[in-house]
Amino acid sequence: MRNDRIWDMGSLNPFYEYHDNVYFATAYQNTVYKLTKKGLYPVYCWDFGKDGINDEMLQKYRLIENEGKRNDELIKDLSDGTLPFCMKFHRENDLYYYVSLQKGLGTVNKHINVFYRKQDGSTFVFEKLAENLSITPLLFTEDYIVSKLNFDDYTCLRPFLSEQDYSKLLSREEDDNPCLVKFYFRKGGKNSGRM
């Protein structure tokens, strides 16, 4: 697939599968599309109001013909906050529509998690879980999210690990292979649909 890099930049995995359907979403456009043999069809759209990315913002990049210059401008604007975020990871399950928003680049980037509960339209927006852990999603299923564990979050796992496992975790270096964590969705009861 050959796309304008504005579509590709920021999301290395623009496709996801849900209930035997394939969906496509870019990092800088609010609409999520269903992919069929006949084409792309809009399915749902994120609306972040005045804090979101609108078509007028994107027009600036479309007018820059040189792809390298366009990328440089996009990166600069994401770094300095002119562009509010990029949508890194779109997914859904039976309970939620989900998007991970990345604000900034490099060491100052942070991920904002947005869960829209299908059952009642409730929206949950947060940077960190109650345990002060960040979610950097790699896999999103009906039951859990697999996330890369951020090096800065290692100490937050102390209450959940044995002394031996915690010691192993702390002995890791920042450039070691990624450490993964699995976050389960709570099922049933008053916390149904919560992590």
Side-chain angles (χ1 to χ4, degrees), residues 1-16 22-33 35 40 42-92 96-116 123-129 132-140 145-154 156 172-181 183:
M1 181 171 103
R2 171 86 174 115
N3 266 338
D4 184 317
R5 286 185 71 176
I6 194 169
W7 281 57
D8 299 332
M9 189 84 173
S11 179
L12 297 177
N13 189 4
F15 299 97
Y16 73 88
V22 176
Y23 297 88
F24 175 78
T26 71
Y28 298 103
Q29 294 181 342
N30 298 318
T31 304
V32 176
Y33 297 90
L35 185 67
L40 290 173
V43 178
Y44 64 93
C45 186
W46 293 102
D47 183 357
F48 297 106
K50 65 178 178 51
D51 297 321
I53 297 172
N54 59 47
D55 201 51
E56 291 79 35
M57 286 179 180
L58 297 178
Q59 188 60 29
K60 164 186 171 181
Y61 308 108
R62 290 185 187 112
L63 295 174
I64 303 170
E65 290 186 27
N66 180 291
E67 277 190 17
K69 288 181 181 177
R70 183 174 32 217
N71 282 349
D72 290 346
E73 190 69 17
L74 200 66
I75 289 168
K76 180 188 84 54
D77 288 355
L78 187 59
S79 297
D80 69 16
T82 302
L83 196 59
F85 52 75
C86 70
M87 294 176 247
K88 293 292 285 184
F89 190 86
H90 292 84
R91 293 297 185 271
E92 72 179 285
Y96 297 107
Y97 294 109
Y98 171 78
V99 66
S100 173
L101 307 177
Q102 178 183 319
K103 294 180 72 82
L105 286 176
T107 57
V108 296
N109 84 44
K110 62 181 178 178
H111 290 268
I112 307 297
N113 300 282
V114 181
F115 288 84
Y116 177 88
T123 304
F124 307 95
V125 180
F126 59 91
E127 185 179 339
K128 294 189 176 251
L129 296 169
N132 208 29
L133 290 165
S134 303
I135 299 176
T136 308
L138 300 171
L139 177 67
F140 190 93
I145 296 173
V146 173
S147 173
K148 185 180 91 174
L149 184 61
N150 294 328
F151 187 74
D152 295 338
D153 289 349
Y154 283 10
C156 299
R172 296 175 51 81
E173 299 292 328
E174 192 166 6
D175 60 350
D176 284 345
N177 285 332
C179 185
L180 304 179
V181 64
F183 297 111

Item to complete: Return yes if a side-chain donor-acceptor contact under 3.5 Å exists between Tyr44 and Glu92, otherwise no.
Response: no

Practice prompt. Could you pull out the closest heavy-atom pair between Arg172 and Pro178, with the gap in Å?
Written response: NH2-C, 3.6 Å

Fill in: Atom pair CD/CG of Gln29 and Asp55 - distance to nearest 0.5 Å
7.5 Å

Item to complete: Can you spot which of Tyr23, Phe89, Tyr33, Phe24 makes a ring pair (Phe, Tyr, Trp, His ring centres under 6.0 Å) with Phe15?
Response: Phe24

Response to the item:
All heavy atoms of Tyr154 vs all of Cys179, minimum pair found to be OH-CB, 3.8 Å

Discussion item. According to side-chain contact (heavy atoms from CB on, under 4.5 Å), who are the partners of Glu65, at least two apart in sequence or on a separate chain?
Written reply: none

Worksheet item: For Tyr116, which residues count as a ring-ring contact (aromatic ring centres under 6.0 Å, His included) partner, sequence neighbours excluded?
Response: none

Worksheet item: Would you say the side chain of Val146 lies within less than 4.5 Å of the side chain of Val181, judging by non-hydrogen atoms?
Response: no

Worksheet item: Out of curiosity, Asp77 CG to Thr82 OG1, how far, rounded to the nearest 0.5 Å?
Response: 4.5 Å

Practice prompt. Apply side-chain contact (heavy atoms from CB on, under 4.5 Å) to Glu56 and list each qualifying residue two or more places apart in sequence or on a separate chain.
Written response: Asn54

Worksheet entry | Salt bridge Lys76-Asp72, side-chain N to carboxylate O under 4.0 Å | no

Worksheet, complete the sentence: When every non-hydrogen atom of Ile135 is compared with those of His111, the smallest separation belongs to O-CB, 3.8 Å

Worksheet item: Taking all atoms of both residues into account, what is the closest heavy-atom pair of Leu78 and Gln102, and its distance?
Response: CD1-O, 4.1 Å

Fill in: Spacing of Lys148 atom NZ and Asp153 atom CG [to the nearest 0.5 Å]
10.5 Å

Worksheet entry | Heavy-atom pair of closest approach, residues Ser134 and Ser147 | O-OG, 4.1 Å

Practice prompt. Could you list all the salt bridge (Lys or Arg N to Asp or Glu O under 4.0 Å) pairs where at least one residue sits in residues 44-53, not counting sequence neighbours?
Written response: none

Worksheet item: Looking at OG1 of Thr31 and NE2 of His90, how far apart are the two atoms once the value is rounded to the nearest 0.5 Å?
Response: 9.0 Å

Practice prompt. Classify the side-chain pair Ser100/Asn113 by whether it contains a donor and acceptor separated by less than 3.5 Å.
Written response: no

Worksheet item: After noting the C-alpha distance and the side-chain angles of Thr136 and Asn150, does the key distance pass the side-chain contact (heavy atoms from CB on, under 4.5 Å) rule?
Response: CA-CA 8 Å; Thr136 308; Asn150 294 328; 3.3 Å; yes

Worksheet item: So do the side chains of Lys88 and Leu101 get within less than 4.5 Å of each other, counting heavy atoms only?
Response: no

Practice prompt. Side-chain contact test, heavy atoms from C-beta onward, threshold under 4.5 Å: evaluate it for Leu58 versus Ile53 and give yes or no.
Written response: yes

Worksheet entry | Check: Asp176 side chain, Glu173 main-chain N or O, donor-acceptor pair, under 3.5 Å | yes

Worksheet, complete the sentence: Residues at least two apart in sequence or cross-chain that pass side-chain contact (heavy atoms from CB on, under 4.5 Å) with Asn132, listed by chain then number, are Lys128, Cys156

Worksheet entry | Asn71 and Tyr61: side chain donor to acceptor below 3.5 Å | no

Practice prompt. Could you go through the side-chain contact (heavy atoms from CB on, under 4.5 Å) check for Phe115 and Val125 one step at a time?
Written response: CA-CA 7 Å; Phe115 288 84; Val125 180; over 6 Å; no

Worksheet entry | Member of Tyr98, Tyr97, Tyr16 meeting the ring pair (Phe, Tyr, Trp, His ring centres under 6.0 Å) criterion with Phe140 | Tyr98

Item to complete: Output all residues satisfying side-chain contact (heavy atoms from CB on, under 4.5 Å) with Glu127, sequence neighbours left out; order by chain, then residue number.
Response: Lys110, Ile112

